[in-house]
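Beneath this line is the structure, given in structure tokens, with notes to follow.
If you read the sequence from its start, that first residue is 1, and numbering goes on from there.
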Amino acid sequence: MLLLKKIGKIIGQPIGFALLGLVLQQCSSNRRIEHKNIKVNVNPYEKVSWSSVQRYKAALHLHTLQSDGYNSVKEVVDTYQRQGFKIIGITDHDWNYPNARIKWGQVSEEKASPFPEDPKPDNFPANTTWPWIDYGTPSPDSLKIIGIQAAELTFRHHINSYFSDYGVWYERTGSKAPYSGIEDNLGNVIFEDEQIFAVKRKKGLAILNHPDISDSKSWWERKPLEWYVQRFRNSSPEVLVGMEVTNMQNKEVIDGTAKALKYNESLWDQLLMRFMPVRPIWGFGSDDMHSLDNVMDSFTVFLLDEFSENAVYNAMLNGQFYFCYSTRIINMLKDDPSLFPSIDKIEVDSKEANITISASNYDEIVWISGPEILQPIANYKTSNQPWDSGKVVGKGRMIELRGSDIKNYVRAELIRTSGNDIYRTFTNPFGVGASD
């Protein structure tokens with residue numbers, strides 16, 4: 001509700017979800033903002049004290065032997081900690097029984113996980129892989145890291161749930177999942193909105209995962225743009241906080257950019273054009289790790305003054321982070337961490353109407369705003385870019401909001417090239433609108 005109150009201040013009147021829908025419709029137009037009245041209405045970094053803030057690498061999409069991963073919980077936690085990650089969320093599927101890869105003949109029997117031990121959790125096997133000590137792993141506190149209770153909700157569109165123990169009750173889904181016969185323990189049919197509402201009831205947060213996955217997968221079907229619009233319209237911004245923009249599922253690289261990123265990034269821009277500056281949709285970077293020796297080089301970086309679970313929760317809610325992606329596929333057991341562009345400071349000058357980024361380890365900064373075309377440009381089922389991407393509206397450390405072709409929002413990408421690889425750091429979007 002705090003976010004809704006903030007939105008109310010932006011538009012000058014109290015707002016509930018019904019009014020929010022009307023406001024969002026108004027924001028979906030393709031009109032440019034009058035330059036003389038332009039200002040930043042939403043700044044995800046507004047509360048960052050850049051002189052003291054600490055940067056913490058976060059892995060928010062990881063799988064283990066407790067669902068369809070290849071490695072034990074302890075192997076995963078130990079490896080990510082060695083690689084410098086301070087925030088870890090293990091998102092095992094609510095669908096799989098433990099040791100799925102062993103059942104499928106892809107991992108040897110001697111690697112089988114004995115966890116969870118009896119008595120099994122009440123919601124087994126849809127339970128979260130939490131607490132870690134129940135899975136042969138030291139507690140996050142003892143490791144001096146932050147562990148987040150999390151899960152990947154698998155039935156229908158995949159959704160990552162954080163700070164919640166929610167999972168769909170397995171036995172009522174059975175072989176009919178993921179696209180039919182999905183029921184809760186009262187026999188009610190479950191769609192994505194019901195799952196998001198369930199996470200909200202448990203005071204958790206959720207994001208939509210990897211939209212780009214091909215329809216060739218038996219367990220997946222791509223969704224049209226309007227489907228994503230409806231999910232964000234139907235769900236409170238205080239539970240459905242954003243979407244994955246980077247993910248390892250589609251690793252094919254074209255001109256230095258993975259196909260998955262083309263698909264997901266253009267979808268993100270389309271959604272931002274429709275919802276900003278009223279309703280933020282934060283972008284997340286993840287590697288969707290299943291096997292430690294074959295990982296997409298992507299993660300999220302949180303900007304925190306306090307190293308606590310509550311601080312991470314609030315940062316996810318308010319967009320106080322940036323995310324990184326490179327074209328590398330890495331072996332977490334052997335490869336050294338990559339050198340990504342790092343954001344040192346972001347300054348928003350309301351009087352002069354500009355945003356400035358101070359950064360290191362970058363070659364170029366590009367500013368992106370709303371796409372020119374809001375209708376699909378290709379078949380979302382088969383194309384790797386069915387929607388128009390956001391438009392480049394500026395380059396360099398500073399973006400002048402007046403005189404720029406900005407519509408509803410602007411975001412920045414910091415780019416570094418090294419050999420054959422490209423390293424990109426993405427800011428979250430700034431909501432740009434008319435002043436009073």
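Tyr423 pairs by the side-chain hydrogen bond (donor to acceptor under 3.5 Å, both in side chains) definition with nothing, not counting sequence neighbours. Applying the salt bridge (charged side-chain N to carboxylate O under 4.0 Å, His left out) test to Asp269 and every residue at least two apart in sequence or in another chain returns Arg411. Contacts of Tyr228 classified as ring-ring contact (aromatic ring centres under 6.0 Å, His included), with partners at least two apart in sequence or in another chain: His157. Partners of Asp193 according to the salt bridge (charged side-chain N to carboxylate O under 4.0 Å, His left out) rule, which considers only residues two or more places apart in sequence or in another chain, are Arg231. Phe284 is linked by a ring-ring contact (aromatic ring centres under 6.0 Å, His included) to Phe321, counting only residues two or more places apart in sequence or in another chain. With sequence neighbours excluded, no residue forms a salt bridge (charged side-chain N to carboxylate O under 4.0 Å, His left out) with Asp349. Under the side-chain hydrogen bond (donor to acceptor under 3.5 Å, both in side chains) criterion, Glu194 pairs with no residue at all, not counting sequence neighbours. Every ring-ring contact (aromatic ring centres under 6.0 Å, His included) that Tyr56 has, sequence neighbours left out, goes to Phe307. Every side-chain hydrogen bond (donor to acceptor under 3.5 Å, both in side chains) that Ser142 has, sequence neighbours left out, goes to Ser139. By the side-chain hydrogen bond (donor to acceptor under 3.5 Å, both in side chains) test, Lys202 pairs with Asp165, sequence neighbours left out.
Between His93 and His63, the ring planes lie parallel to each other; the angle is under 30°, not in the 30° to 60° tilted range. Between Trp387 and Tyr263, the angle of the ring planes goes over 60°, which puts this pair in the perpendicular group of the 30/60° scheme.
Evaluation of the salt bridge (Lys or Arg N to Asp or Glu O under 4.0 Å) test over residues 290-299, restricted to residues two or more places apart or in two chains, returns none. Within the structure, every pair that satisfies the salt bridge (Lys or Arg N to Asp or Glu O under 4.0 Å) test and touches residues 311-328, not counting sequence neighbours, is listed here: Arg328-Asp335.
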